[in-house]
> 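Handing you a structure now.
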2 protein chains.
Amino acid sequence: MAAPADPAVEPGRSGHAALATAAASRPRLHPELLARAAIDIADVDGLAAVSMRRLATTVGVGTMTLYYHVRDKDELLDLMWDEFMGEHLLAEVPADWRTALTAIAQRTRESYQRHPWALHVVARPARGPNKMRHIEQYLTVVSMITDDLDEQLRILHSVSDLVVGCTLRELGVRAFPPPTGNPADSGDPWAEVLQPMPDFGELVRAEDLPRLRNLWTSGCLRRPTRFEQALGWLLDGIGAAHPEAVQLGAGKGGGEGRAVATTTGTVPKKGA
Amino acid sequence: MAAPADPAVEPGRSGHAALATAAASRPRLHPELLARAAIDIADVDGLAAVSMRRLATTVGVGTMTLYYHVRDKDELLDLMWDEFMGEHLLAEVPADWRTALTAIAQRTRESYQRHPWALHVVARPARGPNKMRHIEQYLTVVSMITDDLDEQLRILHSVSDLVVGCTLRELGVRAFPPPTGNPADSGDPWAEVLQPMPDFGELVRAEDLPRLRNLWTSGCLRRPTRFEQALGWLLDGIGAAHPEAVQLGAGKGGGEGRAVATTTGTVPKKGA
DNA sequence: CTCGTCGTCGTACGGCGTACGACGACGAGT
DNA sequence: ACTCGTCGTCGTACGCCGTACGACGACGAG
């Protein structure tokens with residue numbers, strides 16, 4: 001592009017009075033800035049629109065300049081991913097483990113809703129500080145259930161897996177809406193849980209799929225899922241396996257649980 | 001390419017004695033054949049290696065010929081996906097619902113293990129006959145638990161979501177192994193469940209992540225997950241919510257359950 | 001005044017998906 | 001026998017993509 005988008009990013013006059021402030025001393029094109037710019041592109045035009053050329057023009061530099069700050073595009077994706085993981089973080093972790101796990105799950109789902117492109121990056125297990133903080137938040141919660149570190153990890157994974165799996169499916173249906181009727185404008189962002197085919201009717205008749213046909217003729221396929229119920233079942237099972245777990249709001253939809261500070265708290269008394 | 005790979009696929013002599021057999025009458029390059037060829041490529045060299053040019057040469061035609069049988073590459077991916085979904089199908093569905101759901105889950109995980117590239121396609125909810133058959137198998141099982149169609153669907157999704165989420169995570173770690181030590185050669189294909197960063201040690205020290213650090217110093221992160229346990233918790237929760245569900249092998253690790261035919265069986269007596 | 005380093009960037013290469021139009025083979029109509 | 005439409009095939013070309021390579025100006029240190 002001819003003119004840089006942001007005057008503060010203008011090529012000629014870059015690091016002049018930079019060392020006045022200590023924080024401004026680092027190169028004006030730090031990786032986080034690139035990741036954020038790339039995320040902005042992906043949010044608007046989808047992940048496929050994130051190309052090195054386009055990112056370069058939007059931050060106002062030549063294409064190859066990016067490669068001074070980032071090894072390759074894969075590293076850029078990793079940076080985007082960890083920036084995305086930052087939005088999974090809760091300001092405060094509720095004190096009741098059920099409430100807390102539900103809150104983390106909800107927060108995760110909201111992040112995906114804000115950044116649907118994350119769907120296509122989820123396969124790559126990027127390692128980054130925000131992901132580690134996210135895990136730490138999970139750990140503060142699951143440590144309320146048991147002191148067994150292995151068991152903590154298993155619980156963590158089971159909850160996280162359910163959240164990601166469910167969000168993935170629901171978001172996928174949104175991203176590729178069925179030919180007839182767009183579920184996105186039905187109010188509930190998680191509506192339309194199972195995808196009918198274009199020629200669903202014929203196939204279901206030709207193929208001897210009685211139960212699916214039955215489901216199709218009923219309206220079930222068009223009703224929204226209730227993720228909280230699935231999570232509830234899982235938490236029920238976990239709770240039943242750990243009757244010793246502290247349960248603040250013992251009732252069904254009980255207390256909200258008072259919030260505790262995020263990363264404080266003592267390490268469990270015993271290692272494995 | 002100079003010479004076609006397969007002589008039976010040679011360009012010049014195509015549809016000559018074709019109409020001798022009725023089944024051979026369809027164009028020698030049917031979509032399923034293309035999907036299978038593409039899957040073979042992806043299995044060996046990864047999804048990124050599946051290009052229209054390469055697929056064309058491997059099936060022995062010019063690149064643009066593919067576009068006569070397939071609208072675009074997206075449609076090819078959809079075909080690959082449904083072919084992949086075909087491997088999720090069970091020959092027989094066990095008669096006990098817990099056993100059956102576990103069997104479907106296991107089968108799904110094995111499919112992903114055989115075709116790791118599916119990781120990168122999972123976001124796209126392709127509609128295809130095999131996917132419908134897979135859902136039908138799920139439905140035959142969840143209809144043992146309740147007659148409420150909505151509830152059946154919710155149970156189906158919760159199990160499926162957990163399976164996909166867990167498999168995704170485990171497979172992702174395998175696909176992008178950590179810099180130190182490859183988990184793939186540890187025997188258990190699902191080992192190494194959480195990914196340490198290259199500079200895990202410094203980060204965990206600098207960042208005030210006590211529980212994660214604790215987990216790191218213990219060996220937990222290097223032990224394999226036990227997916228069955230997560231699924232067990234979920235099924236416990238579902239079972240508790242549906243005490244009326246028929247439970248053949250009532251004991252803990254009870255009966256294996258006799259197999260019933262796949263798609264037969266009556267439709268549940270009442271619609272929603 | 002020189003030199004090394006930092007940050008920037010133009011050019012070029014190979015690969016991708018695919019739009020477009022041409023071309024041979026062949027079955028049906030006349 | 002000749003024409004014509006269709007089916008299946010494919011060569012060429014266009015505009016993207018990621019990125020290897022090397023040049024180039026600015027600037028602090030010697």
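Proteins get letters first, then strands, A, B, ... in listed order; numbering begins at 1 in each.
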> Is any side-chain nitrogen or oxygen of A/Arg54 closer than 4.0 Å to OP1 or OP2 of D/dG18?
no
> Please give, in whole Å, the distance from C/dT18 C1' to B/Glu75 CD?
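Result: 14 Å.
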> Using modelled atom types and a 3.5 Å cut-off, is there a donor and acceptor pairing between side-chain atoms of A/Gln137 and backbone atoms of A/Leu89?
no
> If you look at every strand shown and take non-hydrogen atoms under 4.0 Å, does A/Val70 touch a base, only sugar-phosphate, or nothing?
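Touches nothing.
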> Counting just side-chain N and O atoms, does A/Arg71 come under 4.0 Å of either OP1 or OP2 of D/dG18?
no
> Would you say A/Ser51 reaches D/dC17's phosphate, i.e. side-chain N/O to OP1/OP2 under 4.0 Å?
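Yes.
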> Indicate the ring-plane relationship of B/Trp81 and B/Phe84, choosing parallel, tilted or perpendicular according to the 30° and 60° boundaries.
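Ring orientation, 0 to 90° scale: tilted.
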> Looking at C/dG7, I'd like to know if its phosphate oxygens (OP1 or OP2) sit under 4.0 Å from a side-chain N or O belonging to A/Tyr68.
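Yes, within the criterion.
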> Can you tell me how far P of C/dC16 sits from CG of B/Leu55, to the nearest Å?
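Value for this atom pair: 12 Å.
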> Can you find a donor-acceptor N/O pair under 3.5 angstrom joining the side chain of A/Arg53 to the base of D/dG18?
yes
> Identify which nucleotide among C/dC9, D/dG18, C/dT18 has an atom closest to any side-chain atom of A/Val61, counting heavy atoms from C-beta outward.
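Looking only at heavy atoms from C-beta outward on A/Val61, the closest nucleotide is C/dC9.
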> Please determine whether a side-chain nitrogen of the Lys or Arg among A/Glu170 and A/Arg109 lies less than 4.0 Å from a carboxylate oxygen of the Asp or Glu.
yes
> Just N and O in the side chain of B/His69: are any of them under 4.0 Å from OP1 or OP2 of D/dC7?
no
> Is it the case that the side chain of A/Asn130 and the backbone of A/Asp82 share a donor-acceptor pair, with hydrogens and angles ignored and the cut-off at 3.5 Å?
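Yes: the side chain of A/Asn130 pairs with the backbone of A/Asp82.
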> Hey, can you tell me if A/His88 and A/Tyr112 have their rings parallel, tilted or perpendicular (30° and 60° cut-offs)?
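Geometry flag for A/Tyr112 against A/His88: tilted rings.
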> Looking at A/Asp74 and A/Arg124, does any basic side-chain N land under 4.0 Å from a carboxylate oxygen?
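A salt bridge is present here (some side-chain N lies under 4.0 Å from a carboxylate O).
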> Taking the nucleotide of DNA chain D with the closest heavy atom to each, which residue, B/Leu66 or A/Lys73, is nearer the 5' end?
B/Leu66
> Calculate the interatomic distance between B/Met52 atom CE and D/dC10 atom C1'; express it in whole Å.
14 Å
> Between D/dT9, D/dC21, C/dT18, spot the one nearest the side chain of A/Met64, thanks.
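Of all the options, the side chain of A/Met64 is nearest to D/dC21.
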> Please give me the minimum heavy-atom distance between B/Pro31 and B/Leu79, naming the atom from each residue.
CB-CD1, 3.7 Å
> May I have the distance from A/His30 (atom NE2) to C/dC6 (atom C1'), rounded to whole angstrom?
18 Å
> When you check the phosphate oxygens OP1 and OP2 of D/dG8, does a side-chain N or O of B/Thr65 lie under 4.0 Å from one of them?
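No, outside the criterion.
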> Would you please enumerate the stems DNA chain C participates in, each stem being three or more consecutive Watson-Crick or G-U wobble pairs with both distances under 3.5 Å?
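DNA chain C forms these stems: C:2-30 with D:1-29.
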